[in-house]
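Before any comments, here is the structure.
Note on naming: letters A, B, ... go to the chains in the order of the sequence lines (proteins, then strands), and numbering restarts at 1 for each one.
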There are 2 protein chains.
Amino acid sequence: MPFLGQTPIPSARDVVYSKLKSQILSLELPPGAALSEKESSLAFNVSRTPVRESFLRLAQEGLVQVLPQRGTFVSLIDPELVEEARFMREQLEKAVIRLACDSFPADKLAELRANLKEQRESMERKDDLRLFELDESYHRTLFEGCGKLNTWAVIQQMNAHLNRTRLLRLFSDHQWNHLYDQHERMADAIEAHDAALAESTMQEHLLLSVKDQVVLREKYPHYFI
Amino acid sequence: MPFLGQTPIPSARDVVYSKLKSQILSLELPPGAALSEKESSLAFNVSRTPVRESFLRLAQEGLVQVLPQRGTFVSLIDPELVEEARFMREQLEKAVIRLACDSFPADKLAELRANLKEQRESMERKDDLRLFELDESYHRTLFEGCGKLNTWAVIQQMNAHLNRTRLLRLFSDHQWNHLYDQHERMADAIEAHDAALAESTMQEHLLLSVKDQVVLREKYPHYFI
DNA sequence: ACTACCACACTTGTATGGTAGTATGGAACT
DNA sequence: AGTTCCATACTACCATACAAGTGTGGTAGT
């Protein structure tokens with residue numbers, strides 16, 4: 001009898017998918033790079049089947065492009081798609097934080113505060129990677145508190161396109177102070193039920209990531225359509 | 001040499017996927033129904049491979065649930081997911097029609113007017129199916145005119161969950177008159193650059209479909225989680 | 001030198017066999 | 001009768017073989 005609630009062992013397909021996805025998002029597999037079912041199956045020591053299924057899933061998410069009988073390629077970055085992803089995220093996050101200002105569970109607010117505390121600590125340690133995670137976690141908690149986790153999941157998927165450009169921030173000037181201030185102001189606004197302030201702060205917050213794309217585009221023009 | 005611009009012949013996988021999806025959305029395959037790679041492969045006269053790949057794609061869209069070594073089942077309708085899909089659509093459509101009030105290309109506005117004309121004709125013919133298509137086409141044109149077709153694609157995917165409940169409208173009182181009036185008022189608002197009117201009308205417009213779920217839920221409680 | 005053609009080395013698409021886990025119904029035992 | 005156990009018939013997962021389309025480089029013919 002299986003343990004209830006046991007984490008199911010990840011299938012070969014899931015492993016390959018996660019690995020490939022992280023390689024694509026980190027630009028380790030750059031836009032335009034050629035993939036092949038056979039080559040990947042050798043690299044991961046599995047058969048073509050799970051590799052192929054990973055390709056199909058990545059293709060559905062728009063991260064690779066499968067051309068029948070020709071090959072599979074990491075998708076070039078489509079600036080239009082990136083802009084629309086940012087647009088969708090802006091609309092949904094603004095709507096959610098308005099909801100949060102109306103009502104937000106106390107325990108989730110406490111989570112936000114705890115997250116902010118850890119952000120301060122990570123800034124002192126200059127732990128950029130952890131700050132990146134905390135940023136995601138902060139926004140996730142916002143959606144969770146509003147009962148909109150499915151919406152967060154959709155945003156996460158669209159973020160795949162944004163993140164290939166946002167990665168740059170880890171290596172350039174991060175402005176973590178600025179980001180932290182905005183996070184704190186948003187939490188305060190929720191507590192004070194100040195929807196207008198929360199929404200405008202969120203809008204600023206999400207605009208910060210726009211410039212990354214410009215930088216990346218100048219540096220690697222062949223990564224774009 | 002292949003004809004350039006020729007439509008690629010649909011693969012067996014695509015055929016099976018479309019067929020299954022339409023059967024699920026039409027409730028011909030009701031929520032909870034068991035599927036099987038083997039059974040479907042016999043039904044469609046293809047091997048298990050393209051069937052399996054269709055299952056995986058449907059699973060990623062949340063329309064079926066794959067339980068390893070147990071079976072594949074049509075997903076039960078999750079009211080929370082349906083509500084969030086409606087929520088996302090509301091936010092995005094409201095944002096887009098605000099954009100449209102700011103600027104909207106003349107040819108797309110003409111498309112909206114032509115669509116409205118055909119809506120009137122279809123209402124006279126009581127051609128409900130065509131009206132359903134025209135409704136979708138109307139909203140698509142809105143997104144197209146704002147350069148937000150990718151956003152429309154995301155909405156379409158979420159609509160899969162809404163549509164299983166919206167299907168009812170085809171068989172009940174449709175209130176097509178009401179829907180038409182709203183469509184016309186939105187086109188007028190865009191032309192008059194009246195964002196407030198456009199947005200509030202859109203909000204009403206999208207609220208109309210909420211009641212369908214209540215009806216369906218009373219009639220088929222075992223279709224829901 | 002140039003062109004047309006073809007063999008070949010790729011690619012993804014499809015079919016199928018084997019493996020391991022799961023549910024179920026009946027038999028054997030208490 | 002009720003419970004335990006096991007054979008069996010499923011399931012999806014994975015490996016592998018074959019089919020069919022595509023691009024390329026070399027070769028033969030002009």
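Rounded to whole angstrom, the span from the CZ atom of A:Phe55 across to the P atom of C:dG13 amounts to 11 Å. One atom, CZ of B:Arg70, and another, C1' of D:dA12, lie 11 Å apart when rounded to the nearest Å. Across the protein-nucleic acid pair, B:Glu39 atom CD and D:dT11 atom P stand 8 Å apart, rounded to whole Å.
Ion pairing between a basic and an acidic side chain is recognised when a charged N comes within 4.0 Å of a carboxylate O; A:Glu136 and A:Arg140 show no such pairing. Salt-bridge formation is not detected for the pair B:Arg57/B:Glu53: no Lys NZ or Arg NE/NH1/NH2 atom is positioned less than 4.0 Å from an Asp or Glu carboxylate oxygen.
Classification of the B:Tyr220-B:His222 ring pair by plane angle, with boundaries at 30° and 60°, yields perpendicular.
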Base contacts versus sugar-phosphate-only contacts with protein, heavy atoms under 4.0 Å: please encode nucleotides 13-19 of chain D as B, S and - from 5' to 3'. BBBBBB-
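Seen from the ring of A:Phe87, B:Lys148 counts as a face-on cation partner, given the 6.0 Å and 45° thresholds.
A donor atom on one side chain and an acceptor atom on the other are found under 3.5 Å apart for B:Asn115 and B:Gln119.
Residues satisfying the ring pair (Phe, Tyr, Trp, His ring centres under 6.0 Å) test with B:His161, not counting sequence neighbours, are none.
In this structure, B:Leu35 reaches the sugar-phosphate backbone alone: every heavy-atom distance under 4.0 Å involves primed, P, OP1 or OP2 atoms, never a base. Residue-level contact check: A:Thr72 touches the backbone only, with heavy atoms under 4.0 Å from sugar-phosphate atoms and none from bases.
Using N1 to N3 plus N6-O4 or O6-N4 for Watson-Crick, or N1-O2 and O6-N3 for G-U wobble, each under 3.5 Å, C:dT24 pairs with D:dA7.
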